[in-house]
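For reference, the structure is listed below as structure tokens.
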Amino acid sequence: MKYAYYPGCSSESSASAYDVTSRTVASALGLEMEEIKDWNCCGATEYFSIDHLPAYSLIARNLALIDPQETPQVVAPCSACYVNLKKTDENMAKYGQLNADVNEALAAGNLSYVPGTVKTRHLLDVIVNDVDPDVMASKVVKPLTGLTLVPYYGCYIGRPEGSFDDVENPQTMDRLLEGLGATVPDYSLKSSCCGGHMTQIGTDVAMGILRRLIDLADRLGADAMVVPCPMCQLNLDVYQSYVNKAFGASYKMPIVYFTQMMGLAFGMDPAELRFEEGVVPVKSMLEKWRTPVSSTKKRKVRDKKALPMPQALPD
Amino acid sequence: MTLDPNSVYAKITSELPGGDKLRTCLQCGMCGGSCPSGEDMDHTPRKLFAMIAAGQDREVLRSNTFWYCVSCYLCTVRCPQEIPITDIMYHLKHQAIEKGLYTTDAVDFSQTFVGLVENYGRAFEFGLATQFYLTHHPLGGLKMGPMALAMMSRGRLNLRPTRIKAIRQLKNILNRAKEIGAGS
Ligand code: SF4
Ligand code: SF4
């Protein structure tokens, strides 16, 4: 199937690594994605607080630009874009007045949109749920064996209301990374918020939120945190040195996109996967990945002087 | 009881899609207990909703609660009454701006962001950072310097904004939406 693709504004600057690797990985999996022509910003988390009707109309223009006959689904790699597109479509379907108002505004630009005709999907959803598992498995030529990867989903996967994954304990990326050969610990903060725009306007609030996230990943022995959202990546990566400064810590946690890790496992050249765009260096993670894991793990031998373990009585 | 149509309560229940569900709040506290910014807020969302129902509009709009909201939707997915709490937080920001009752940078940030989007059709991170910090935080801008530098050296900050082709069309749509919103 062919999808409409909504790159989102961060694809043009801060998250170009995500955009590039999303397109590469999707085409390797045979997913056809056509960029919406002349798409506009989704307003992120800002426009709704100024005025909700222009905010909905701004988002709806993107949906109106899609021909549902040709591409009945739109894919967004950014979780904030995903939530905004999805919420607009669903609320227009749910609230008649909103639908009428938004369409009246769209008419001023000779556009219209019938709610429900274009389904919004997150890239993570499409990659994990639309690709045949056998095809996926066949692509993994350089598995991520030996790497411990913490899946951090951020708050928008599965919200505001039910979608492809659980609202509090999502599993999609866990399964994906395990399929790529990585060790995936149970990360209890996986759907907590990254602080969103708080890094810009309320730095002290944001620093506490970010530290909690990085610290737990660090204690779980993560070689990297893997994210499906440019906002999460930016906050955790670019502001990590600020967190270190604020708390006298020395975290060096690489923050990578799941598409970059897929590229690695698919045998693509790491140089093409734009890892160097990360502020926290990924060098040690890549080195660890290149070092073969010895298959003869030493078994732990019990200390002879230890007390005997309790045993069940024979019948 | 007749309700002042300009009260915070009336505006939420009449203007916001789904806002009328606020009437069904049980005061259970699930929202406040779930909120990642809860400890920094003057009032939890639950308390704020009680204040709204009691008509304490001035205190409500002067509260920092909604400015500390990071729009994560956790309260919304947990609320037993399916009240669109995050949207109510957005709407309270809107009401506070409308009445000029705010004491926060968040407004400047949002307005700078929206201003750029209305003129270009795309967000422009570099323009946002420079405009926001130069006009509001010359010193904060300096503190943010290392971050901007780190991003720029990695090619992650575009120095030139992209303008969509149909910017006229977008402006017409947004202007019409504003008119409808204003009740014309
Ligand atoms: S969770 Fe819902 S019902 Fe409970 S206090 Fe908050 S808004 Fe009210
Ligand atoms: S959406 Fe806002 S109010 Fe609700 S839990 Fe998240 S930060 Fe708190």
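Labels below follow one simple rule: chain letters A, B, ... track the order of the sequence lines, proteins then strands, and each chain is numbered from 1.
Heavy atoms of B:Tyr68 lying under 4.5 Å from chain A belong to its backbone as well as its side chain. Proximity to chain B is absent for every atom of A:Ser192, based on heavy atoms less than 4.5 angstrom apart. Only the side chain of A:Glu168 comes within contact range of chain B, with at least one heavy atom under 4.5 Å from a heavy atom of that chain. When heavy atoms are compared at a cutoff of 4.5 Å, B:Arg168 does not approach chain A at all. Using a 4.5 Å cut-off between heavy atoms, A:Leu98 touches chain B through its side chain atoms alone. For A:Asn91, the part lying near chain B is the side chain, with the backbone staying farther off; criterion is any non-hydrogen pair under 4.5 Å. Using a 4.5 Å cut-off between heavy atoms, A:Val83 touches chain B through its side chain atoms alone. Of the atoms belonging to A:Lys37, not a single heavy atom falls under 4.5 Å from chain B.
Highest contact tally toward chain B, considering only A:Cys155, A:Gly196, A:Ala55, is held by A:Cys155 [criterion: heavy-atom pairs under 4.5 Å]. In terms of heavy-atom pairs under 4.5 angstrom with chain A, the leader among B:His91, B:Arg78, B:Met89 is B:Arg78. Ranked by heavy-atom pairs under 4.5 Å with chain A, the first of B:Lys93, B:Gln169, B:Lys171 is B:Gln169.
A salt bridge does not link A:Lys94 with A:Glu90: every distance from a Lys NZ or Arg NE/NH1/NH2 to an Asp or Glu carboxylate oxygen is 4.0 Å or more. Using a 4.0 Å cut-off between a side-chain N of Lys or Arg and a carboxylate O of Asp or Glu, B:Glu59 and B:Lys47 do not qualify as a salt bridge. Here B:Asp57 does not pair with B:Lys99 in a salt bridge; the nearest charged N to carboxylate O distance is not below 4.0 Å.
Donor-acceptor pairing under 3.5 Å is lacking for the side chains of A:Thr120 and A:Asp89. The closest side-chain donor-acceptor pair between A:Asp19 and A:Tyr5 falls under 3.5 angstrom.
Both tests pass for B:Arg122 against the ring of A:Trp39: distance under 6.0 Å to the centre and angle within 45° of the axis.
In terms of the salt bridge (charged side-chain N to carboxylate O under 4.0 Å, His left out) criterion, B:Asp42 has no residue partners (sequence neighbours excluded). Evaluation of the salt bridge (charged side-chain N to carboxylate O under 4.0 Å, His left out) rule for A:Glu276 yields no partner, not counting sequence neighbours.
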Listing, residues 47-54 of chain A side-chain donor-acceptor contacts under 3.5 Å, not counting sequence neighbours, or none:
residue	atom	partner	partner atom	Å
A:Tyr47	OH	B:Glu118	OE2	2.6
A:Ser49	OG	A:Glu46	O	2.7
A:His52	NE2	B:Glu15	O	3.4

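Contacts with chain A (heavy atom to heavy atom, under 4.5 Å) involve these residues of residues 30-41 of chain B, listed by number: B:Pro36, B:Asp40.
A:Ser191 places none of its side-chain heavy atoms less than 4.5 Å from the side chain of A:Val167.
When atom types are taken as modelled, the side chain of A:Asp237 and the backbone of A:Gly278 share no donor-acceptor pair closer than 3.5 angstrom.
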